Structure formats: structure tokens, C-alpha cells
Amino acid sequence: MSLRTLLLLVLTPVASAQVLPVAHWRLDEATGTVATDSSPSGNHGTLVGFGGASWTTGTHGGSLSFLGAQRVDLNMAASLPVYDASGSPYTIAFWVKAPPQHERRIYAEASIGNVLPFYTLGTGRVNSGTTDRFRFELRNSTGIYLKKIDSYNVVFDDTWHHVALVDNGGAVSVYVDGMADLANYSYTIVGNQGTVDRVTLGAKEGAGACCNFIGLLDDVRIYGYAMSIFDVATVIADGVLVAGYQENQPGASLIVNGAVGSFTSAPQLTLAQGQVFPMVLSTVLPGNPWEMGVGTVPAIPSATVLSSNIVNLDLSSPTLSFLNNVFSTPFGVSPGLPGGGVGVGTATAVLSLQAPITTTLVSLQFGLVDPSNSDGVVISAPVTLSVL
């Protein structure tokens, strides 16, 4: 069995390059019949059925006006389709201003050989009473729904709203105007459901075109990772996302007092001195033992130093308990995880921590050493703690 070891890390962010979308249609052209993909992917769109009044004012520059008989056919040069049943994480974000309407498509992935779209984002349905809500639908090639769900918050009321759908391998979060929607959900990833050869904005185009959208669309973006709520806020403000933190393959997750970050953002939590707060550490990697490094006790004896800005974090905690209630032990003890074999599901530890009685600022990441991984380690997204 390969050794996988648990450690907590303090990391100093390292300035890095801007994180670009894998597709980005700003819709700022103002003239012409091409919606340019400003990302390096080259997924440029061709306007179909639009007239001279198609381009108008948006939230960030221009926008595109759909009148119920138009669409934008997107070139599938790279990174499309977004759903490929492999579990690869992604985020789709856009601004929209539209009235309530029945089952219209804003983004659709389909096949010319199938009358049904495989993957769509759009509006709800009359018979569900959700024509003013955002709807996600995922089908297989025979038309069977794998998932369909409407947002809790209103999106289509003829005012501008921002929508972001974050899919982290089947665990999906929906954000409306930067706030997490109650319609967050999960689905089971399935095998190949058919060949996607049509990706469209404003309609579904497969064996035939239908479900044409009515309203304004602006700043449609696709990112090749699962955004945090803090990343979504940056996109809403048309800010710059910068990769300033280390994150390797998925496998380790860290939630501190309810907050989780991404490799482009570390949410900063403000804690009072001495405040008790929860920390949740999870991994989908099987194996044991794990060790917890506390104080001067190394998390990994004789381990290779990953970088000069990584040190063992001195944390004190009254308890360390696992969700399956197998044991509860003082935090300083190095426990082995129950289970430990290949095929075991996610292992999760819940720690009760106490902030120090001093002012400090640290960035935390949860790392899991895994020699079977090509990088030798998987590291969670960061969270920054500010103790005042």
C-alpha cells in the first residue's frame, strides 16, 4: 500500500500568471456577424438570424440581443463541449437580462443526429411554474434525464442578473448575482452519452434548431476549473483572476468555518482572538496511515521540502473527531484512518480549532502526500485566516 500522509501547510501566495477562461465571448463587437472568443481557444461564434439591431449595451461594454429566432453557432476549436462525462471540473458564467419564458436555451450542447440536446442551460417551464428561474438539464442520448433542476432565485425578470454554474465532477453549485443558490445539487457521472458536434448560444441546434432565447446576453465565460464564490465575485466585477496558490490534482479539500477557496483565490476569514471554529479536511484518496503534524513534530519525517514557503503549522485543538465516529482523539496524536483500503469512499475529519490569543494572518492549505501521484502530493485550495 502506498503511503499517504496528512499535513497542514502554511503557504505564502506566489504571484503568478493570469488565469484565463478556456472560452470567453465578451459580445462587445457592436457590428458584424462574429462573436469573438477572446480566450486562446479560438471558439469563435457565428451569428445566425440576427438583424442590424442585434448589438446593444451590456453590463461590461456591449451585449447581444436575441428576439426569439436567433442563435450563435460556436466553433468547437478547443475546450468544448464542457460536459464530457470524465468528471473534469468547469465553470460557466454569464450576464443575462430577459423576461420570464418557457424552456428557452442560453447555452446548449447537442448532436446533429439527435433531436434532443444533451446539455443545456436556460429557462424553466410553464408547467413547473419556473419560467422566471434558471434551469440546468443533462440527458443521455435516448433523451432520459440524468439531471434537471431549477434555481431557487429569480433570474428572468427583465433586469440584469449574473449566473455562474460550477461543476466539480458532479457536485454542482449555482450562484445567482454572486450568492449561492439553494438549488445546488449533485449528479452521477455517466459514460459517453453521444457525440456532441453542436454548441450554441441562444438556442439548441441538433437535428433541428429550437427553443430560441428572448433577451440580452453578455460576457459568457467558461473556465476549466471549479470556481469558489470569491472567484465568481471577481468575474462579476470583471476583475483579474491570478493563480497565486499551489494546488495539484483533486483529492484534498479544506473548509474553514464554512469557507472554501480555489487556486486563484483564498477567502480571508476574520476571527476573534481565542475564537473556536471548525475545520473540515476531506480526501477521496484511499490508504493509511495519516499523520497530523503539530508544533515541532514533523508531519512527514525525512520528507522532501516541497518549497521554501511551506512549513508545518502549529495548531492546538481540544478534539479531532471523524464523521463516522470511529474514534475521537487529542489533536496531537497521530491516528491512522479507519478503512484504508482501495475503494473506500471519501474520508473526512472535523477539527475543532481555537484561534490564537494574538493577532496573526496565515494562509492554510491541506496537503495529502501520495507517492503514487506523479506530483507526489495533492493539495487543497487555500483559506486565509485573519485573527484580530
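Note that this is a predicted model, so its numbers are computed, not measured.
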- Message: Side-chain heavy atoms nearer than 4.5 Å, only ILVMFWY residues, links allowed to pass through others: does that put Ile92 and Leu146 together?
- Response: yes
- Are Val235 and His162 side-chain neighbours, meaning at least one heavy-atom pair lies under 4.5 Å? yes
- Query: According to a 4.5 Å side-chain heavy-atom criterion applied to Ile, Leu, Val, Met, Phe, Trp and Tyr, with indirect links allowed, do Phe136 and Leu116 form part of one hydrophobic cluster?
  - Reply: no
- Are a donor atom and an acceptor atom from the side chains of Asp37 and Ser39 found within less than 3.5 Å of each other? yes
- Note on the structure: Looking only at heavy atoms, the pair that brings Asn43 and Asn75 closest together is OD1-O, 2.9 Å
- Does a donor on one side chain sit under 3.5 Å from an acceptor on the other, for Asp167 and Tyr90? yes
- Could you go through the side-chain contact (heavy atoms from CB on, under 4.5 Å) check for Met76 and Val196 one step at a time? CA-CA 10 Å; Met76 296 173 59; Val196 173; 4.3 Å; yes
- Message: Applying a strict under-4.5 Å side-chain criterion to I, L, V, M, F, W and Y, I'd like to know whether Ile214 and Ile106 cluster together.
- Response: no
- Message: Would you say that Leu201 contacts Leu64 through its side chain, given a criterion of any heavy-atom pair below 4.5 Å between the two side chains?
- Response: no
- Task: Treating Ile, Leu, Val, Met, Phe, Trp and Tyr as nodes and any side-chain heavy-atom pair under 4.5 angstrom as an edge, say whether Trp25 and Leu20 lie in one connected cluster.
- Result: no
- Within the distance-only criterion (no hydrogens, no angle test), does the side chain of Asp28 pair as donor or acceptor with the backbone N or O of Gly62 below 3.5 angstrom? yes
- Heavy-atom side-chain proximity of Ile222 to Val22 below 4.5 angstrom: yes
- Query: Is a side-chain donor-acceptor pair under 3.5 Å present for Ser262 with Asp231?
  - Reply: yes
- Message: Would you say that Val82 contacts Thr91 through its side chain, given a criterion of any heavy-atom pair below 4.5 Å between the two side chains?
- Response: no
- Hey, is Lys204 close enough to Glu103 for a salt bridge, meaning N to O under 4.0 Å? no
- Full working for side-chain contact (heavy atoms from CB on, under 4.5 Å) between Asp219 and His24: CA-CA 7 Å; Asp219 197 42; His24 188 184; 2.6 Å; yes
- Task: Taking the side chain as every heavy atom from C-beta outward, state whether Pro278 and Asn257 have any atom pair closer than 4.5 Å.
- Result: yes
- Query: Is there a donor-acceptor pair under 3.5 Å between the side chain of Thr131 and the backbone N or O of Gly124?
  - Reply: no
- Query: Roughly how far, to the nearest 0.5 Å, is OG1 of Thr33 from CH2 of Trp55?
  - Reply: 8.5 Å
- Taking every non-hydrogen atom, the tightest pair across Glu29 and Val34: CG-O, 3.4 Å
- Query: Which class fits the ring pair Tyr187 and Tyr83: parallel under 30°, tilted 30 to 60°, perpendicular over 60°?
  - Reply: tilted
- Of the non-hydrogen atoms in Pro40 and Pro21, which two are nearest, and what is the gap between them? CD-O, 4.0 Å
- Query: Which pair of heavy atoms, one from Ile229 and one from Ala180, lies closest together, and at what distance?
  - Reply: CD1-N, 4.4 Å
- Ring centres of Phe156 and Phe134 under 6.0 Å apart? no
- Query: Quick one: do the His161 and Thr159 side chains pair a donor with an acceptor below 3.5 Å?
  - Reply: yes
- Nearest heavy-atom pair of Gln70 and Asn212: which atoms, and what distance? O-ND2, 2.9 Å
- CG/Asp218 to CH2/Trp95 distance, rounded to the nearest 0.5 angstrom? 8.5 Å
- Do Leu269 and Phe277 share a hydrophobic cluster (ILVMFWY, side-chain heavy atoms under 4.5 Å, transitive)? yes
- Note on the structure: Excluding Met179, membership of its hydrophobic cluster (Ile, Leu, Val, Met, Phe, Trp, Tyr; side-chain heavy atoms within less than 4.5 Å) reads none
- Query: In Å, rounded to the nearest 0.5 Å, how long is the span from CG of Leu216 to CG of Asp158?
  - Reply: 8.0 Å
- Item | Separation between NE2 of His102 and OG1 of Thr123, rounded to the nearest 0.5 Å | 8.0 Å
- Take Val19 and Tyr225, measure what side-chain contact (heavy atoms from CB on, under 4.5 Å) needs, and give me the verdict at the end. CA-CA 10 Å; Val19 178; Tyr225 75 100; 4.0 Å; yes
- Does the side chain of Ser128 come within less than 4.5 Å of Arg135's, by heavy atoms? yes
- Check: Asp132 side chain, Val154 main-chain N or O, donor-acceptor pair, under 3.5 Å: no
- Task: Check Phe213 against Arg105 and note the closest heavy-atom contact, atom names and distance.
- Result: CB-O, 3.3 Å
- Between Thr36 and His44, is there a donor-acceptor pair closer than 3.5 Å when you use the side chain of the first and the backbone of the second? no
- Check: Val72 and Phe66 side chains under 4.5 Å, non-hydrogen atoms: yes
- Note on the structure: Separation between CZ (Arg198) and CG (Leu74), nearest 0.5 Å, reads 11.5 Å
- Test Leu67 against Phe50 for side-chain contact (heavy atoms from CB on, under 4.5 Å), laying out the working first. CA-CA 8 Å; Leu67 302 177; Phe50 288 88; over 6 Å; no
- Gap separating the CG atom of Leu138 from the CD1 atom of Ile144, nearest 0.5 angstrom: 12.5 Å
